[in-house]
Amino acid sequence: MIARSTPSTENQARDVAIDKAANLIEALPWLSRFHGRTVVVKYGGNAMVSDELRVRFAESIVFLHYAGLRPVVVHGGGPQISAQLDRAGVESTFTAGLRVTTDEAMDIVRMVLTGQVNREIVGLVNQHGPFAVGMSGEDANLLTARRKTVEVDGETVDLGRVGEITGVDPGAVAALLSDGRVPVVSSVARADDGGVYNVNADTAASALAVALGASKLIMLTDVEGLFSDYPHNTELVSRLDVDELRALLPSLSSGMLPKMEACLHAVEGGVPQAHIIDGRIPHSLLLEVFTDQGVGTMVADPELEAALLAGNGHTPRPWRPDDTTATNTGGAQ
Ligand SMILES: Nc1ncnc2c1ncn2[C@@H]1O[C@H](COP(=O)(O)OP(=O)(O)O)[C@@H](O)[C@H]1O
Ligand SMILES: CC(=O)N[C@@H](CCC(=O)OP(=O)(O)O)C(=O)O
């Protein structure tokens, strides 16, 4: 039976449909600008803490894929590593925002990032089709690193198997993209001496975005974006350019520092826009890419951005090993 609706409910239904159509058409210029573009998405461990969030993230990635973008996922898994280290009774501390990683801890880091978190993201994306291919940064020499040290109170501190990226070979990722796949990368790097290193996932995502000549780097975390005077003030900074960011970096505390350094490194390396967004909001990734107002904090290079938005493309400069050293000189990550 088909129920007859009254004129007022018909009007309401029509208004809802018109709103939906307006929301869809708002995406048109963004679909056009980003069609065929590579977007590196860093998925932080704090934005994957529930089944619901993980499922919605996978849907957003598949949406980007069907919309004609070329998403690449680089994921972390800090809280998941900490939980596994606890279960195994392995003590874990952070220095300058980085996990001090013993050889024993490195085995667990690698198992959690590449063996668990990576597999889970790949599985969730592939519920929608044969898209995701999981990789470790070790594979096909995607990420190469050397031992990283940091300065704390004027002292050089050794962090164990924590890596500083010295080279990126994005060939395997580029081949997967050409084949219409969605690469999903864990932030474990190979060492020239045959070992492996634990790399901060923000740093890994930024290095890969530069090497791929990506149009955007988007990092999902557990806050709205960069707050102007955290923790006293949680007013969101919605946009800043590289000069403003450089001036701000010394005042940032760990957590946000590696993210903003990663944004700076990406934009200086030729990525027109880098974003920090709230991964706790379902589909925030889609709001960022396809709506006029965007969400979160954006760091942009005005010239590269203008070329991107005008559809003229951009010419990122190629990866240089020194790039990562520059990213990491802030110390705390
Ligand atoms: N200026 C700031 N604005 C927003 N968050 C900040 C700021 N400074 C430090 N933070 C902290 O950084 C955290 C995000 O970093 P982190 O926990 O490393 O996330 P992820 O696991 O996503 O990499 C926030 O939860 C917040 O506590
Ligand atoms: C050296 C270092 O600290 N590595 C990180 C790698 C994972 C990561 O970065 O995860 P999030 O993105 O969830 O923070 C760690 O061991 O926690």
Side-chain angles (χ1 to χ4, degrees), residues 41-49 53-54 57 73-86 90 92-102 105-114 116-118 121 136-137 143 145 147-150 157-165 185-189 196-207 218-238 240 245 248-263 275-280 284 296-297 324 328 330-333:
V41 181
K42 189 267 170 158
Y43 189 27
N46 280 315
M48 53 175 92
V49 288
L53 281 178
R54 291 191 287 268
F57 173 78
V73 178
V74 177
H75 64 84
Q80 295 77 3
I81 296 168
S82 296
Q84 191 60 39
L85 288 168
D86 273 356
V90 178
S92 164
T93 58
F94 283 80
T95 296
L98 296 169
R99 187 186 307 278
V100 178
T101 309
T102 60
M106 187 66 230
D107 287 343
I108 293 175
V109 168
R110 194 186 199 187
M111 181 188 77
V112 172
L113 289 182
T114 308
Q116 292 175 0
V117 177
N118 188 276
I121 299 168
S136 164
L143 303 175
R147 202 175 185 95
K148 180 178 172 68
T149 53
V150 289
V157 180
D158 176 32
L159 303 172
R161 295 220 66 89
V162 173
E164 168 173 324
I165 296 174
V185 180
S186 68
S187 62
V188 179
V196 287
Y197 281 116
N198 179 13
V199 175
N200 173 277
D202 300 324
T203 312
S206 170
I218 306 177
M219 295 195 259
L220 276 74
T221 185
D222 64 347
V223 279
E224 269 176 86
L226 173 71
F227 297 139
S228 55
D229 182 22
Y230 183 84
H232 313 292
N233 181 346
T234 53
E235 193 189 343
L236 181 72
V237 178
S238 55
L240 66 172
L245 176 52
L248 198 70
L249 271 185
S251 70
L252 295 180
S253 52
S254 63
M256 210 27 73
L257 181 56
K259 280 181 215 320
M260 297 316 296
E261 282 180 330
C263 287
H275 309 258
I276 313 265
I277 67 171
D278 192 342
R280 299 166 307 176
S284 52
T297 298
T324 307
N328 291 340
Q333 288 206 45

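Whatever order the structure lists them in is the order used to number ligands and atoms, beginning at 1. Just so you know, these numbers come straight off a predicted model, no measurement behind them.
Of the candidates His75, Arg161, Arg99, Lys148, the one placing a heavy atom closest to atom 3 (O) of ligand 2 is Arg99. The heavy atom nearest to atom 9 (O) of ligand 2, out of those in Gly76, Ala201, Ser92, Gly78, is found in Ala201. The heavy atom nearest to atom 12 (O) of ligand 2, out of those in Glu164, Met106, Lys42, is found in Lys42.
Judged by the shortest distance from any of its heavy atoms, Thr101 lies outside the 4.0 Å radius around the atoms of ligand 2. Contact between Gly225 and ligand 1 is present, with at least one heavy atom of the residue lying under 4.0 Å from the ligand. For the pair Ser253 and ligand 1, a heavy-atom separation below 4.0 Å is found.
Distances below 4.0 Å separate heavy atoms of Leu226 from the following atoms of ligand 1: 1 (N), 3 (N).
For atom 19 (O) of ligand 1, the nearest non-hydrogen atom of the protein is Thr221 OG1, 3.2 Å. Atom 18 (O) of ligand 1 has its closest protein heavy atom at Gly255 CA, 3.8 Å. The nearest protein atom to atom 25 (O) of ligand 1, hydrogens excluded, is given as Asp222 OD1, 2.7 Å; this is a heavy-atom distance. The nearest heavy-atom contact from the protein to atom 27 (O) of ligand 1 is Tyr230 OH, 2.8 Å. The nearest protein atom to atom 20 (P) of ligand 1, hydrogens excluded, is given as Lys259 NZ, 3.4 Å; this is a heavy-atom distance. Scanning the protein for heavy atoms near atom 13 (O) of ligand 2, the closest one is Gly45 N, 2.7 Å. Taking atom 3 (N) of ligand 1 as the reference point, the nearest protein heavy-atom neighbour is Phe227 N, 3.0 Å. Protein heavy atom at the shortest distance from atom 21 (O) of ligand 1 is Asn46 ND2, 3.0 Å. Looking only at protein heavy atoms, the nearest one to atom 5 (N) of ligand 1 is Met256 CE, 3.5 Å.
Using a 4.0 Å cut-off between a side-chain N of Lys or Arg and a carboxylate O of Asp or Glu, Arg280 and Asp222 do not qualify as a salt bridge.
The N/O atoms of Lys42, backbone and side chain alike, include one that comes under 3.5 Å of an N/O atom in ligand 1. For ligand 2, the polar-atom distance check finds no N/O of Pro79 at less than 3.5 Å from any of the ligand's N/O atoms. For Ser187, no nitrogen or oxygen atom sits less than 3.5 Å from a nitrogen or oxygen atom of ligand 2, counting backbone and side chain alike. The shortest N/O to N/O separation between Ile81 and ligand 2 does not fall below 3.5 Å.
For the pair Met219 and Ile276, the minimum side-chain heavy-atom distance is below 4.5 Å. Counting only heavy atoms from C-beta outward, the side chains of Gln84 and Met111 approach each other to under 4.5 Å. The shortest side-chain heavy-atom distance between Phe57 and Ile121 falls under the 4.5 Å cut-off. By the 4.5 Å heavy-atom criterion applied to side chains, Phe227 and His232 are not counted as neighbours. Contact check for Val112 versus Leu85: no side-chain heavy atoms found under the 4.5 Å cut-off. Contact annotation: the side chain of Ser82 approaches that of Arg99 to within less than 4.5 Å [non-hydrogen atoms, C-beta and beyond]. Contact of the Lys259 side chain with the Leu226 side chain is not registered, since no non-hydrogen atoms from C-beta on lie closer than 4.5 Å. For the pair Met260 and Leu249, the minimum side-chain heavy-atom distance is below 4.5 Å.
Contacts between Asn198 and ligand 2, counted as non-hydrogen atom pairs separated by less than 4.0 Å, involve both the backbone and the side chain. By the criterion of a heavy-atom distance under 4.0 Å, the backbone of Val199, and not its side chain, is placed next to ligand 2.
To the nearest 0.5 Å, atom OG1 of residue Thr149 and atom CG of residue Asp158 are 7.5 Å apart. With rounding to the nearest 0.5 angstrom, the CD1 atom of Ile277 is 3.5 Å from the OG atom of Ser284.
No donor-acceptor distance shorter than 3.5 angstrom exists from the side chain of Thr101 to the backbone of Met106, with no hydrogens or angles considered. Ser206 contributes no side-chain N or O that, together with a main-chain N or O of Thr203, makes up a donor-acceptor pair within less than 3.5 Å.
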